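One structure is given below, encoded as structure tokens.
These numbers were taken from a predicted model, which means no experiment stands behind them. Within every chain, numbering begins at 1; the chains are lettered A, B, ... in the order of the sequence lines, protein sequences first and strands thereafter.
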Protein chains: 2
Amino acid sequence: MGTLSFIVVDDHPVFREGLVRLIGDRFEADVFEAGTMAELEQQLQQAASPDLLLLDVVFPGFEPLRDLPTLRHRLPMTAIITVSMVEDHSLIDAIMAEGVNGFITKSSPPEQMITAIEQVIEGDIVECRPALDLSSDNPQPNQLALLSPRQREVLEHICAGRSNKEIARELGVSPYTVRIHVSALLRTLGVRTRTSAATLATKSGIKAPS
Amino acid sequence: MGTLSFIVVDDHPVFREGLVRLIGDRFEADVFEAGTMAELEQQLQQAASPDLLLLDVVFPGFEPLRDLPTLRHRLPMTAIITVSMVEDHSLIDAIMAEGVNGFITKSSPPEQMITAIEQVIEGDIVECRPALDLSSDNPQPNQLALLSPRQREVLEHICAGRSNKEIARELGVSPYTVRIHVSALLRTLGVRTRTSAATLATKSGIKAPS
DNA sequence: GCCGCACTAGGGCGGATGTACTAGGTCATG
DNA sequence: CATGACCTAGTACATCCGCCCTAGTGCGGC
């Protein structure tokens, strides 16, 4: 194949340059860089349909579970590999479910990253999960992705420490209804208290409520 | 000055190599690398008293607030710069209070990192705080560092979602006592519910209870 | 159309939470 | 030695939480 077109997106310049250099050493490719959603948009003007998108899971202007579907839809011919230091298997599951071609942890050795990129370019789906499973205490798949939009909304308010009554006022519904959502999301997440749910959601990088 | 001796410690190989390359381009120095506490020990056999230690705040085998004092004591002549993607100002405060010579966020541009390293080598204390202050909703300084050991211990259990009664059983004290600790730490953290405290502590990267 | 699901609303109940108060012990610091 | 901090233990009280139950609406799929 000829010269490839890669875009590397990460908001940590040193890590990004490490990746770019790594790729430059091994692939015959034009490599573009972006550190924010705005810069990614710019690069997509240059390279409308890159061969590979190496994407940090979180960077300014980007929420994976919110923006990945759009991105996936916009770049149907592009191999998307998410790169993250997140070690929450449920979040990784949710990301893989969005149809990306691969997931690599930032703690992976360079050789493993190269191998993963090669495999993805050849059409494989690759998952490099973190070796040490810190989240072995939550065997459930998907977690936050399993919640309904309303439940996720309520969960965000729980993380902000609001009471059911406050959440009810905020959402313009009855406290009884909030209670239903809370009970449901607790059951879905497999925890017994709102505090557990808050910790779990915060670890998974839930966004703060408006 | 002659050839310097640097040790770069970070468990993300790509980021670490980015740093090493960055340093190699700008300084006349022997650069050693480590990705774990064990590897750091090995490198300290080679270079017993390096001129500069670039230290990721969290990596396998290392807890900053636990291990930084020891490290600082062992390497009195070494300039220590902590590098982290943590954006919690209270944690940064706590780290600076351990007597390190500098703090840099991983999202800093390379040029800023070089400048900071140069300044630290010349004897300055440097702090590159994250530009976008995500924790602007907690104006209090230090936060977790303000808590007593017992309060922090209780807070860890709160993050695990345990009830006061469970925490009491775990710590071998009365539930009434646990309640006192909870009330006190809530007041200190400036929040009204244990759930808020859990979110705050989790964002600050509190460790899980044993 | 009927089924399943999400969202809405409510009653009742046992237990958990958080605050205010008092009060005893240890330990370091001045 | 006195002061203050931290940890301990308890009572009383109001509130909140989370579960149980029923029940209505709307929406998309088989």
- For A:Leu171 and C:dC7, give me the distance from atom CG to atom P, rounded to whole Å. 11 Å
- B:Val182 side chain, from C-beta outward: closest of C:dG18, D:dC19, D:dC7: C:dG18
- Query: What is the distance, rounded to the nearest whole Å, between atom CZ of B:Arg152 and atom C1' of D:dC6?
  - Reply: 13 Å
- Query: Base, sugar-phosphate, or nothing for B:Ser148, non-hydrogen atoms under 4.0 angstrom?
  - Reply: sugar-phosphate
- Message: Of the options D:dC16, D:dG10, D:dC19, whose atoms approach the side-chain atoms of A:Lys165 most closely?
- Response: D:dC16
- With a 4.5 Å limit on heavy-atom distance, are the side chains of B:Thr199 and A:Thr199 in contact? no
- Message: Please tell me if B:His181 has a side-chain N or O lying less than 4.0 Å from either OP1 or OP2 of D:dC6.
- Response: no
- Task: State whether a side-chain donor-acceptor pair under 3.5 Å links B:Arg169 with B:Asn164.
- Result: no
- Check whether any side-chain nitrogen or oxygen of B:Tyr176 sits under 4.0 Å from OP1 or OP2 of D:dT8, and answer yes or no. no
- Message: Main chain of A:Ile158, side chain of A:Arg194: is a donor-acceptor contact present, judged purely on distance under 3.5 Å?
- Response: no
- Ignoring backbone atoms, establish whether B:Ser174 has a side-chain N or O less than 4.0 Å from OP1 or OP2 of D:dG10. yes
- For A:Arg192 and D:dC20, give me the distance from atom CZ to atom P, rounded to whole Å. 13 Å
- Which whole-number value in Å describes the distance from B:Ile167 CD1 to C:dT17 C1'? 11 Å
- Task: Would you mind classifying the nucleic acid contact of A:Ser163 as base, sugar-phosphate or nothing, using non-hydrogen atoms under 4.0 angstrom?
- Result: sugar-phosphate
- Task: Output the single nucleotide from C:dT17, C:dA16, C:dG10 whose closest atom is nearest the side chain of B:Asn164.
- Result: C:dT17
- Which part of the nucleic acid, if any, lies within reach of B:Arg194 when heavy atoms closer than 4.0 Å are counted: base, sugar-phosphate only, or nothing? sugar-phosphate
- Message: Using whole Å, what does the distance between atom C1' of nucleotide C:dT17 and atom CG of B:Leu155 come to?
- Response: 16 Å
- Note on the structure: Regarding the side chain of A:Ile180, the nearest nucleotide among C:dG18, C:dT8, D:dG18 is C:dT8
- Query: Distance check: side-chain N/O of B:Thr177 vs OP1/OP2 of D:dA9, anything under 4.0 Å?
  - Reply: yes
- Note on the structure: note: B:Leu146, atom CG; D:dC6, atom C1'; distance rounded to Å ~ 15 Å
- Task: Can you label the angle between the B:Phe15 ring and the A:His12 ring as parallel, tilted or perpendicular, going by 30° and 60°?
- Result: perpendicular
- Item | Interatomic distance where CD belongs to A:Glu153 and P belongs to C:dT8 [whole Å] | 9 Å
- With no hydrogens and no angle check, do the side chains of A:His181 and A:Arg150 hold a donor and an acceptor under 3.5 Å apart? no
- Query: Which part of the nucleic acid, if any, lies within contact of B:Arg179, taking any heavy atom under 4.0 Å across all strands shown: a base, the sugar-phosphate backbone alone, or nothing?
  - Reply: base
- Task: Provide, to the nearest angstrom, the distance between the CG atom belonging to B:Leu185 and the C1' atom belonging to D:dC7.
- Result: 14 Å
